[in-house]
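To start, the structure itself, in structure tokens.
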Amino acid sequence: MMRRLAFLFVKLTPFCLTVPFAAAQGTHLWTQQRFEDLEKGTPKGVAIRSDGMLEPGPEVRQIAVTPSSYIWSIAADSAGNAYAATGSPATVLRIAPDGKITKLFSSKDLTVQAVRVAKDGAVYAATLPSGKVYKLPPGATDLDESKAEVVFDPVRTEEKPKYIWDLAFDAAGQLYIATGGPAAVYRVDVAKSGAKPELFFKSDEQHIRAIVFDKSGNLIAGSDGSGLIYRVNSSGKGYVLYDAPKREITAVAIADNGNIYASAVGGKGQSTLPPLPVQGIPSVSATITIVQPGSVQAFNGNTVIPDGSEIYEIPAQGAPHRLWSGHDDIVYALLWTPQGLLAASGNRGRIYRIGEQGQYADIAHLEASQAVDFADSSQGIYVGTANTGKIYLLSHAQAAESTYLSDVFDSGAFSQWGRAEVDSPSTNYDFYARAGNIENPERAWSDWKKVTPNNGPLGLETARFVQWKAVLHPGTTVGAVGINYLPVNMAPVIDDIVVVPGARVNAPQVQPQQQQPISINFNVPPNPGLQFNQEPGREALSGVRDKSAVTARWVAHDDNGDELVYSLYYRGDNETNWQLLKAKVDERYLTFDATALPDGAYRLKVVASDAPSHNPGEALTAERVSDRFLIDTTPPVLSAMEAHLVNGKLHVALTATDSATPISHAEYSVDAGPWQYVEPVGKLSDSLTEHYDFEVQLKPQQPSALAPVNPAEHLVTVRVYDRYENAAAAKAVAR
């Protein structure tokens, strides 16, 4: 059996996205006006309504922190004391209104699952996994299993249930026990010492999860398995009031007008719940037999049930219907109050108040993962929590002081803070704001400044972060809150630039089969784990090889989100002036013809301007210079080529010179034969000028009837390449 916990998913508002600006220039407005927006703040005595309004809520006070990790159930007596059933360790604790804790009972079981207080002040506690119910007399303290009276033991029943989920008293003071494995309800006349448990109601479900008596004395029971809600009369005859869409009923409550409320969780026909964690407790490890699907009630993991919870209303007159749903909330307990139905939920410890038409309000943010149970008392409404086991007290009336603290807004840049816009039907509230340049407001922010909404700027220092606070007085509601701000203009930044000679991006689609594709990438960073090429703007840029072109690309950003325009300049070695190559470039790359510049070494400078987003004269610029690169579109010059026949061999000599890049390699062909690689004098080919002097052993030529051959004449062709694959050829005839 398991207790399933959930997270409340908070959507981002259109005004608070990762990029914090709706537009790049001008004044912006940060607005919080929806329930999801306001949920990110911190309310204290403030209710956050589903329509996006703030209003005074109950006062919420932490009364006690127990030694246990979990409080599974809570009850209260007529004197206003709370009683907590805990786990890890398994105890029953009495908590006085002043927070004093007294241990009444401890068990070697895994947990005390349920606790109830009888009219005579006796406390009844059910444990898991033994499935026993103990009676703790009024005034008793520090009892254990050997000293406390057992009023229910599953071994004394024919069905021998494995779990106890809930306890309830009828008007006559008889105790009813909801069990699982199998699902049944037992009745014990606790006024009679040693009374034998009586099987009151049995179901073909797996568990009876929650029970409560209605105004007519009928027992209302919710099941786990098919999600059934039963009405059981005083004779034990059951009638299904509602077959819920979900499989497990986690809580039931009764309104003064007789309406029935039930919360449910889990899809039918499937179980997503893990087994009950009982490892490390040898005394109980052999007694646990998990019956799937498990119950949300006993699972203490920190995971999420898909599709969240739903709450149903079964009117005394009318058809059942879904009243409320929380996709990522798990409802553990319900309590009807004249102000609305209260729902305790996880995984963020929220308390919701739900109205008759399904409208709702988040009335408390508890500092615990799960709010699991309610107990009404003369002091207020006690709330027990899990992760960790704490006791809170909600006042029946509105809090004397209601304060809402917004989340911290990051404008993304240093900003001037303008007027605060607050939608409220009255002025019976106080509004404050503060700003800072670090996300944590407790680290050297400005002091809170009281401001008048809808009337002039906030008067805060220029800063990147801002936060507002509203103090609500009785009868006040506050709706949408917006803060105007103007980011201080920041110069753009050019993050990287790369220049690739011999590449063209905007190549015309002519004879594509002759164009060799090429990817233009930025340099790999020293730390490969950074994977810069995967960042936006650094993806591979597709182009084609073209010796007559040069492509430059760059990455730039503007912290204001401004639109940028670029100008490109070039400068050769031994030059001091930058010459304009092209202005008003909108893209972040440029391909230009290499033949427009003489061969040689150059650098490019990219200048970024945010002028499109600002008034004339107010634009800011940034620039970055590329690494040195070479342009070489001119082939080498071949000179002094000679060819002679010497002793039956062909002797060839020539000189190759290039003005920009070293000679790369050379090859020759004799009499239109195959090309053959040849090395320069000295063998190393690494200079702008290389000399070639080599001999070729001639092969005898065969006579041809078609073309007479003069064996004393030979044609030699030499082809020389520079490093940019520019080639020049020369020929000579040897006789």
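- In this structure, the side chains of L650 and L645 come closer than 4.5 Å at one or more pairs of heavy atoms.
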Practice task
Would you please test N560 and D610 for side-chain hydrogen bond (donor to acceptor under 3.5 Å, both in side chains) and show each step?
Solution key: CA-CA 9 Å; N560 299 105; D610 58 9; over 6 Å; no
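- Between E575 and R571 the shortest heavy-atom distance is O-CD, 3.2 Å.
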Does the pair D599 and T634 meet the rule for a side-chain hydrogen bond (donor to acceptor under 3.5 Å, both in side chains), with working shown? CA-CA 7 Å; D599 290 356; T634 304; 2.9 Å; yes
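- Using a 4.5 Å heavy-atom threshold, the side chains of V488 and T462 count as touching.
- Counting only heavy atoms from C-beta outward, the side chains of Y589 and Y566 never approach each other to under 4.5 Å.
- Contact annotation: the side chain of F592 never approaches that of K582 to less than 4.5 Å [non-hydrogen atoms, C-beta and beyond].
- H665 meets the ring-ring contact (aromatic ring centres under 6.0 Å, His included) test with Y721; sequence neighbours excluded.
- In this structure the side chain of E623 never reaches within 4.5 angstrom of the side chain of V606, judged on heavy atoms.
- With H28 as the fixed residue, the ring-ring contact (aromatic ring centres under 6.0 Å, His included) test singles out one of F409, Y485, W417: Y485.
- The number of heavy atoms from other shown groups lying within 6.0 Å of CG (N574) does not exceed 12.
- Remark: side-chain polar atoms of T633 are not paired, donor with acceptor, to backbone N or O of S548 under 3.5 angstrom.
- In summary, D593 and R504 engage in a salt bridge, as defined by a charged side-chain N under 4.0 Å from a carboxylate O.
- The local environment of CD in Q697 is crowded, with over 12 non-hydrogen atoms from other residues, nucleotides or ligands closer than 6.0 Å.
- Looking only at atom types and distance, the side chain of H365 has a donor-acceptor partner in the side chain of R350 under 3.5 Å away.
- With 3.5 Å as the limit, one finds a donor-acceptor pair spanning the side chains of E421 and N484.
- A donor-acceptor contact shorter than 3.5 Å is absent between the side chain of S406 and the backbone of G41.
- No side-chain heavy atom of V565 sits under 4.5 Å from any side-chain heavy atom of V585.
- Annotation: cation-pi geometry not satisfied between R624 and W554 (NZ/CZ under 6.0 angstrom from ring centroid, within 45° of ring axis).
- Residue F694 qualifies as enclosed at atom CZ: its count of foreign heavy atoms under 6.0 Å is above 12.
- Between A660 and D632, the shortest heavy-atom distance links the atoms CB-CG, 3.7 Å.
- By the 4.0 Å N-to-carboxylate-O rule, D495 lies too far from R538 to be salt-bridged with it.
- Not a single donor-acceptor pair under 3.5 Å links the side chain of T31 to the backbone N or O of G482.
- Remark: E667 CD is packed, more than 12 non-hydrogen atoms of other residues, nucleotides or ligands lying under 6.0 Å away.
- Judged purely by atom type and a 3.5 angstrom limit, S411 has no side-chain atom pairing as donor or acceptor with the backbone of S415.
- Applying the side-chain hydrogen bond (donor to acceptor under 3.5 Å, both in side chains) definition to pairs two or more places apart or across chains, those involving residues 646-659 are H651-D693, T655-H691, T657-T689.
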Can you list the steps and then say if R464 with D410 is a salt bridge (Lys or Arg N to Asp or Glu O under 4.0 Å)? CA-CA 6 Å; R464 174 172 173 173; D410 180 5; 2.7 Å; yes
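- Under the 4.5 Å side-chain criterion, counting only non-hydrogen atoms from C-beta, L620 is in contact with P492.
- With contacts defined as side-chain heavy-atom distances shorter than 4.5 Å, the pair V652/Y668 does not qualify.
- Not one N or O on the side chain of D329 forms a donor-acceptor pair closer than 3.5 Å with the backbone of S309.
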Query raised in the report: Does the side-chain hydrogen bond (donor to acceptor under 3.5 Å, both in side chains) test come out yes or no for Q33 and D423, once each step is laid out?
Result: CA-CA 9 Å; Q33 60 183 351; D423 179 16; over 6 Å; no
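- Between the side chain of D722 and the main chain of E725, a donor-acceptor pair closer than 3.5 Å is present.
- Using modelled atom types, no side-chain atom of D671 and backbone atom of G673 make a donor-acceptor pair closer than 3.5 Å.
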